[in-house]
Amino acid sequence: KMEYKLRKAEPRDVSDILRLVKELAKYEEMEHQVTLTEQELLEDGFGDTPFYHCIIAEIQGANSSDEPKVVGFAMYYFTYDPWVGKQLYLEDFYVMDECRGLGIGSEILRHLSNLAMKTRCTGMMFVVAENNEPSVQFYKRRGAEDLSQEEGWRLFRFDKDSLVKMATPPEE
Amino acid sequence: MDFSIRAANLDDCKDIARMIMVSGHVRACVRPNLEQDGFSKNPFFHGIIAEVPEQHRTREGHTKIGYALYFYSYSSFVGRSIYMEDLYVMPEFRGKGVGKALMSKVAQLALAAGCHQLNFTVLDWNKPSMDFYLSQGCFNVTSSLGCHCMRCEGEALEHLAQP
């Protein structure tokens with residue numbers, strides 16, 4: 001029986017966080033889109049004003065002298081909807097293939113929901129790709145509503161190039 | 001038409017709340033506590049205001065005629081990002097570049113903070129808004145990548161939090 005534990009991420013975890021981010025991106029067939037670096041993860045997560053927070057799931061090695069192995073993570077931050085207040089936004093949530101079925105995912109979600117309630121968030125939000133059937137079902141089973149389907153929410157994005165264009169004042 | 005764009009301050013909350021209420025938000029019920037949530041030591045959002053000079057004030061005497069609310073977020077793909085929660089211009093002041101100017105300011109702030117993308121949501125029935133945004137150079141992540149926005153709230157959230 002594999003023992004695991006959840007804990008807050010520390011600066012030393014950035015290389016494992018990036019490894020798991022890339023594994024999740026690979027599963028979503030978008031691995032070449034990850035340009036984030038360990039340095040950015042370090043500055044952005046562990047500086048004076050963190051842009052994100054992370055919890056880590058690690059399993060104990062076979063021998064007590066073995067280093068624990070990081071096998072899952074969740075990356076989240078706080079957002080705001082003027083009507084319903086603070087929300088906890090779940091950016092990434094992943095457990096390595098070989099460690100699934102042990103309840104790690106459910107435990108991470110329970111921990112985050114608890115944290116959301118403790119910090120007076122009225123909801124937990126995230127995006128899922130509609131073709132990711134296992135994930136969509138995982139969340140719907142737990143009572144998540146699909147706001148895109150039910151209320152017509154469409155996520156729009158300006159990437160870096162279009163941001164630069166928009167930030168430049170028009171020629172007089 | 002002359003107008004100015006600037007960072008919102010505590011005194012703007014009344015006007016922001018007024019514009020939120022009239023923008024016909026689906027979940028409209030109680031007035032949000034913008035003062036506490038946006039202007040205390042650890043704000044959950046930031047605001048920018050569009051203002052017109054006195055001679056262009058509305059019939060009711062308002063000079064603050066548009067706003068945007070945003071906060072910093074993070075993408076596991078590209079890192080620092082900005083999320084625009086609200087963008088609104090009073091109907092009688094539309095078509096004069098105010099919306100574009102508000103978004104331009106948000107884009108400037110995003111780049112100054114080292115952000116790589118600006119995200120926001122639009123409701124699918126809001127065709128004028130969708131057309132406006134697409135004309136500014138963004139893309140529809142929901143239709144191109146199939147991303148659906150999900151939320152767990154109320155009883156479902158409480159249930160999830162239980163051991």
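Just so it is clear: chains get the letters A, B, ... in the order the sequence lines come, proteins before strands, and each one is counted from 1. None of these values were measured; they are calculated from a predicted model.
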message: Can you tell me how far apart CG (B/Leu118) and CG (A/Leu163) are? Round to the nearest 0.5 Å.
response: 5.5 Å
- prompt: Rounded to the nearest 0.5 Å, how far apart are OG1 of B/Thr121 and CZ of A/Arg157?
  reply: 12.5 Å
Heavy-atom proximity to chain B below 4.5 Å, by part of [X]:
{"X": "A/Thr35", "result": "both"}
{"X": "A/Tyr77", "result": "side chain"}
{"X": "A/Asp146", "result": "both"}
{"X": "A/Lys86", "result": "side chain"}
{"X": "A/Leu115", "result": "neither"}
{"X": "A/Met75", "result": "side chain"}
{"X": "A/Gln87", "result": "side chain"}
{"X": "A/Val21", "result": "side chain"}
{"X": "A/Glu28", "result": "side chain"}

task: For the residue pair B/Phe44 and A/Tyr80, categorise the inter-ring angle as parallel (less than 30°), tilted (30 to 60°) or perpendicular (more than 60°).
output: parallel
- request: Check step by step if side-chain contact (heavy atoms from CB on, under 4.5 Å) holds for A/Glu40 and B/Tyr74.
  value: CA-CA 11 Å; A/Glu40 284 169 324; B/Tyr74 208 70; 4.3 Å; yes
For chain A, the option from [options] that forms the most heavy-atom pairs under 4.5 Å:
{"options": "B/Gly79, B/Ser143, B/Ser73, B/Cys147", "value": "B/Ser73"}
{"options": "B/Glu158, B/His159, B/Met84, B/His148", "value": "B/His148"}
{"options": "B/His116, B/Gln136, B/Arg80", "value": "B/Arg80"}
{"options": "B/Ile82, B/Thr142, B/Asn126", "value": "B/Thr142"}

Let's test your reading of the structure: which of [options] forms the most heavy-atom pairs below 4.5 Å with chain B?
{"options": "A/Asp161, A/Asp92, A/Val127, A/Val128", "result": "A/Val128"}
{"options": "A/Val34, A/Leu155, A/Asn114", "result": "A/Leu155"}
{"options": "A/Tyr139, A/Tyr89, A/Phe78, A/Phe51", "result": "A/Phe51"}
{"options": "A/Lys22, A/Met30, A/Gln149", "result": "A/Met30"}

message: Between B/Tyr133 and A/Phe158 (judged by ring centroids, cut-off 6.0 Å), do the two rings come close enough to count as a pair?
response: no
In one Ile/Leu/Val/Met/Phe/Trp/Tyr side-chain cluster, 4.5 Å: B/Ile20, B/Phe39: no
- prompt: Is B/Phe45 reachable from B/Leu10 through a run of I, L, V, M, F, W or Y residues, each pair having side-chain heavy atoms under 4.5 Å apart?
  reply: no
- prompt: By a 4.5 Å heavy-atom criterion (distance strictly below it), what part of B/Phe71 contacts chain A: side chain, backbone, both, or neither?
  reply: side chain
Looking only at heavy atoms, what is the nearest atom pair of [X] and [Y], with distance?
{"X": "A/Arg154", "Y": "B/Met130", "answer": "CG-CE, 4.5 Å"}
{"X": "B/Ser75", "Y": "A/Leu36", "answer": "O-CD2, 4.0 Å"}
{"X": "A/Ala144", "Y": "B/Met150", "answer": "CB-CE, 4.1 Å"}
{"X": "B/Leu111", "Y": "A/Ala167", "answer": "CD1-CB, 3.6 Å"}
{"X": "B/Cys152", "Y": "A/Arg142", "answer": "SG-O, 3.8 Å"}
{"X": "A/Gly143", "Y": "B/Ala156", "answer": "O-CB, 3.5 Å"}

- prompt: Run the side-chain contact (heavy atoms from CB on, under 4.5 Å) check on A/Val84 and B/Arg151 step by step: do they pass?
  reply: CA-CA 12 Å; A/Val84 294; B/Arg151 168 148 58 198; 3.8 Å; yes
- prompt: Has B/Glu155 got more than 12 heavy atoms of other residues, nucleotides or ligands less than 6.0 Å from its CD?
  reply: no
- request: Could you tell me whether A/Glu67 atom CD has more than 12 heavy atoms of other residues or ligands within 6.0 Å of it?
  value: no
field: chain A neighbours within residues 96-108 of chain B, where any heavy atom lies under 4.5 Å away
entry: B/Met103, B/Ser104, B/Ala107, B/Gln108
query: Could you name the residues of residues 52-70 of chain B that have a heavy atom within less than 4.5 Å of a heavy atom in chain A?
result: B/Leu69
- request: Flag the pair B/Val78 / A/Lys160 as yes when at least one side-chain heavy-atom distance between them is below 4.5 Å, and no otherwise.
  value: no
- prompt: Is the backbone of B/Cys149 close enough, under 3.5 Å, to the side chain of A/Ser148 for a donor and an acceptor to pair up by distance?
  reply: yes
message: When you measure from the side chain of A/Gln33 to the backbone of B/Phe77, do you find a donor-acceptor pair of N or O atoms at a distance under 3.5 Å?
response: no
- request: Among B/Asp37, B/Ile16, B/Asp86, find the residue that satisfies the side chain to side chain contact (heavy atoms under 4.5 Å, CB included) test when tested with A/Pro82.
  value: B/Asp86
